[in-house]
2 protein chains.
Amino acid sequence: MSDDTPGTRWLSADERQSWLALSRTLITLPAALDAQLQRDAGLNHFEYVVMAMLSEQPDHALPMSQLSSVVAGSLSRLSNVVKRLEARGYVRRDGHPEDRRVKVAHLEEAGWQALVAAAPGHVEHVRHLVIDAMRPRELAQLRNALLKVLDRVDPEGRSVITEPT
Amino acid sequence: MSDDTPGTRWLSADERQSWLALSRTLITLPAALDAQLQRDAGLNHFEYVVMAMLSEQPDHALPMSQLSSVVAGSLSRLSNVVKRLEARGYVRRDGHPEDRRVKVAHLEEAGWQALVAAAPGHVEHVRHLVIDAMRPRELAQLRNALLKVLDRVDPEGRSVITEPT
DNA sequence: CGGCATTAGTTGCATCTTGAAGTTTCAACC
DNA sequence: GGTTGAAACTTCAAGATGCAACTAATGCCG
């Protein structure tokens with residue numbers, strides 16, 4: 001890129017390399033995750049995350065908008081996904097007794113089963129692609145850096161992710 | 001997740017936090033990039049990357065399949081995108097004189113102009129979300145970790161990205 | 001109470017992506 | 001030199017996403 005716009009702070013060679021690595025990861029990794037899950041479990045990554053987050057709630061349930069924060073997706077996207085999962089019998093949507101605007105997504109038994117069936121292969125894959133690809137030290141550094149990015153992307157930071165120890 | 005499958009090495013708490021941070025980034029950051037570029041330049045991130053990579057070639061041109069490696073996207077996806085860019089007059093596809101199977105994507109003047117117009121805002125945004133969000137040291141660590149991931153995701157490693165210095 | 005802004009969620013539409021299948025060209029092999 | 005296999009692309013149908021518009025319920029404020 002040319003540097004004829006004095007007002008813009010272009011990236012240094014090092015910064016550019018880092019950005020390219022991240023940019024490439026954003027294009028490549030989701031495709032790899034989707035492919036494995038789709039092939040082995042008939043789910044895409046986002047669907048998996050939605051069910052996984054539900055499964056970690058004490059009662060396997062969460063209102064739609066809270067769920068959308070937890071999975072970091074738009075409410076619109078979540079609504080579509082939950083509709084699909086509901087059609088497969090993986091999830092149910094109940095009304096909320098105290099606030100009739102709220103719909104509570106509830107993981108069904110079949111959804112739990114699908115999750116349990118998909119989890120080992122998925123974890124295996126994640127381990128292979130990320131966790132086992134580097135030393136614990138480097139993994140911690142990765143988390144540290146990504147948390148700073150997430151803080152910029154979503155300043156509200158309703159992230160469930162805790163600070164590194 | 002339950003640990004009743006002895007054969008699976010589940011993630012430790014630390015590993016899980018790191019994976020969640022990455023997973024969340026994969027969902028969140030592309031949306032942020034697309035939103036800015038779409039709003040300010042009428043391009044999505046992938047379209048931008050395609051034109052940017054073309055612009056960095058000596059002759060502003062590259063065969064489709066080589067381009068698809070450089071941008072790390074599938075050939076099918078690239079074909080669709082280039083067709084759109086061609087319809088806007090941003091790119092042209094020429095035949096290759098020595099191998100008639102090959103189509104060479106060529107960045108047009110209008111595409112170059114669009115890129116030059118979009119770049120400052122995009123770089124600004126990338127700086128804000130990633131580069132300026134952390135210290136140079138941490139940025140280097142981020143790159144180091146992501147390169148290891150990329151090595152697993154695409155073992156062929158036709159990446160143009162060089163090793164950290 | 002009556003209106004007004006806000007919150008929760010869904011949906012329609014236009015766009016994008018993917019995966020499979022098809023075309024054309026080249027290379028290799030006997 | 002024909003056949004077979006692979007490579008380079010494109011295309012099409014099916015599914016996924018985002019945005020904006022919409023409904024509906026709640027909260028608030030005078």
Side-chain angles (χ1 to χ4, degrees), chain A residues 26-40 42-50 61-88 91-106 156 158, chain B residues 26-40 42-50 61-88 91-106 156 158:
Chain A
L26 294 181
I27 294 177
T28 288
L29 189 49
L33 294 171
D34 279 340
Q36 183 271 327
L37 277 170
Q38 196 71 57
R39 174 166 46 77
D40 297 347
L43 295 169
N44 63 33
H45 183 223
F46 192 70
E47 292 169 335
Y48 180 92
V49 169
V50 166
L62 218 49
M64 292 294 283
S65 47
Q66 289 185 45
L67 185 53
S68 89
S69 312
V70 170
V71 301
S74 72
L75 191 52
S76 164
R77 182 180 188 182
L78 182 66
S79 184
N80 285 311
V81 167
V82 168
K83 196 204 301 185
R84 293 196 308 260
L85 293 176
E86 194 169 33
R88 291 191 233 173
V91 163
R92 161 174 41 97
R93 272 179 292 189
D94 297 338
H96 191 285
E98 293 177 9
D99 186 338
R100 273 178 300 183
R101 292 172 302 179
V102 174
K103 301 288 159 109
V104 179
H106 202 288
E156 314 307 320
R158 345 169 241 197
Chain B
L26 294 181
I27 294 177
T28 289
L29 189 48
L33 294 171
D34 279 340
Q36 184 270 328
L37 277 170
Q38 196 70 58
R39 174 167 45 78
D40 297 346
L43 295 170
N44 64 32
H45 182 222
F46 192 69
E47 291 169 335
Y48 180 92
V49 169
V50 166
L62 219 49
M64 292 294 283
S65 49
Q66 288 186 45
L67 185 54
S68 89
S69 313
V70 171
V71 302
S74 72
L75 191 52
S76 164
R77 182 181 189 182
L78 182 66
S79 183
N80 283 311
V81 167
V82 168
K83 196 206 304 187
R84 294 196 306 261
L85 293 177
E86 195 170 33
R88 292 191 232 172
V91 162
R92 160 174 42 97
R93 272 179 291 189
D94 297 339
H96 190 286
E98 293 176 10
D99 185 339
R100 272 178 301 185
R101 292 173 301 179
V102 174
K103 301 290 161 104
V104 179
H106 202 288
E156 313 308 320
R158 338 168 248 200

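The shown structure was predicted, so the numbers you read here are calculated from the model rather than taken from an experiment. Chain letters run A, B, ... following the sequence lines, proteins first and then strands; every chain starts at 1.
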Relative to the 5' end of DNA chain C, which residue comes earlier, L78(A) or I27(A), by the nucleotide with the nearest heavy atom? L78(A)
Between A35(A) and N80(A), just flag the one whose closest nucleotide in DNA chain C comes earlier from the 5' side. N80(A)
Length of the line joining [X]:[atom1] and [N]:[atom2], which is rounded to integer Å:
{"X": "F46(A)", "N": "dG15(D)", "atom1": "CZ", "atom2": "C1'", "result": "16 Å"}
{"X": "N44(A)", "N": "dG19(C)", "atom1": "CG", "atom2": "C1'", "result": "15 Å"}
{"X": "L33(B)", "N": "dT17(D)", "atom1": "CG", "atom2": "C1'", "result": "16 Å"}
{"X": "E86(A)", "N": "dG9(C)", "atom1": "CD", "atom2": "P", "result": "13 Å"}
{"X": "E98(A)", "N": "dT26(D)", "atom1": "CD", "atom2": "P", "result": "11 Å"}
{"X": "Q66(B)", "N": "dC9(D)", "atom1": "CD", "atom2": "C1'", "result": "14 Å"}
{"X": "Q36(B)", "N": "dG18(D)", "atom1": "CD", "atom2": "P", "result": "17 Å"}
{"X": "H45(B)", "N": "dC16(C)", "atom1": "NE2", "atom2": "P", "result": "15 Å"}

Establish, with yes or no, whether the OP1 or OP2 oxygen of [N] is under 4.0 angstrom from a side-chain nitrogen or oxygen of [X].
{"X": "K83(B)", "N": "dC9(D)", "result": "no"}
{"X": "R100(A)", "N": "dA8(C)", "result": "no"}
{"X": "R84(A)", "N": "dG15(D)", "result": "no"}
{"X": "K103(B)", "N": "dT24(C)", "result": "no"}
{"X": "S79(B)", "N": "dC9(D)", "result": "no"}

Test side chain to side chain contact (heavy atoms under 4.5 Å, CB included) applied to V104(B) and L62(B), step by step: CA-CA 5 Å; V104(B) 179; L62(B) 219 49; 5.8 Å; no
Proximal nucleotide (of dA25(D), dT10(D), dG18(D)) relative to the M64(B) side chain: dT10(D)
Looking only at the side chain of L75(B) (C-beta and beyond, no hydrogens), which of the listed nucleotides dT10(C), dC12(D), dC9(D) gets closest? dC9(D)
For the residue pair D34(B) and Q38(B), confirm or rule out a side-chain donor-acceptor distance under 3.5 Å. no
With sugar-phosphate meaning primed atoms plus P, OP1 and OP2, does [X] contact a base, only sugar-phosphate, or nothing at under 4.0 Å between heavy atoms?
{"X": "D34(A)", "result": "nothing"}
{"X": "S65(B)", "result": "sugar-phosphate"}
{"X": "R93(B)", "result": "sugar-phosphate"}
{"X": "S76(B)", "result": "base"}

Check K103(A) with E86(A), please: is the shortest side-chain N to carboxylate O separation under 4.0 Å? no
Show the numbers, then the answer: is there a side chain to side chain contact (heavy atoms under 4.5 Å, CB included) between S79(B) and R93(B)? CA-CA 10 Å; S79(B) 183; R93(B) 272 179 291 189; 4.2 Å; yes
Let me see the working for V71(A) and V81(A) under side chain to side chain contact (heavy atoms under 4.5 Å, CB included), right down to the final yes or no. CA-CA 12 Å; V71(A) 301; V81(A) 167; over 6 Å; no
Go nucleotide by nucleotide along DNA chain D from the 5' end; which of R77(A) and D99(A) gets its closest nucleotide reached first? R77(A)
5′-ward residue of the pair V104(B)/E47(A) relative to DNA chain D: V104(B)
Test side chain to side chain contact (heavy atoms under 4.5 Å, CB included) on R84(B) and V50(B); report intermediate values, then the result. CA-CA 12 Å; R84(B) 294 196 306 261; V50(B) 166; over 6 Å; no
Is it the case that dT24(C) (base atoms only) and R101(B) (side chain only) share a donor and an acceptor within less than 3.5 Å, ignoring hydrogens and angles? no
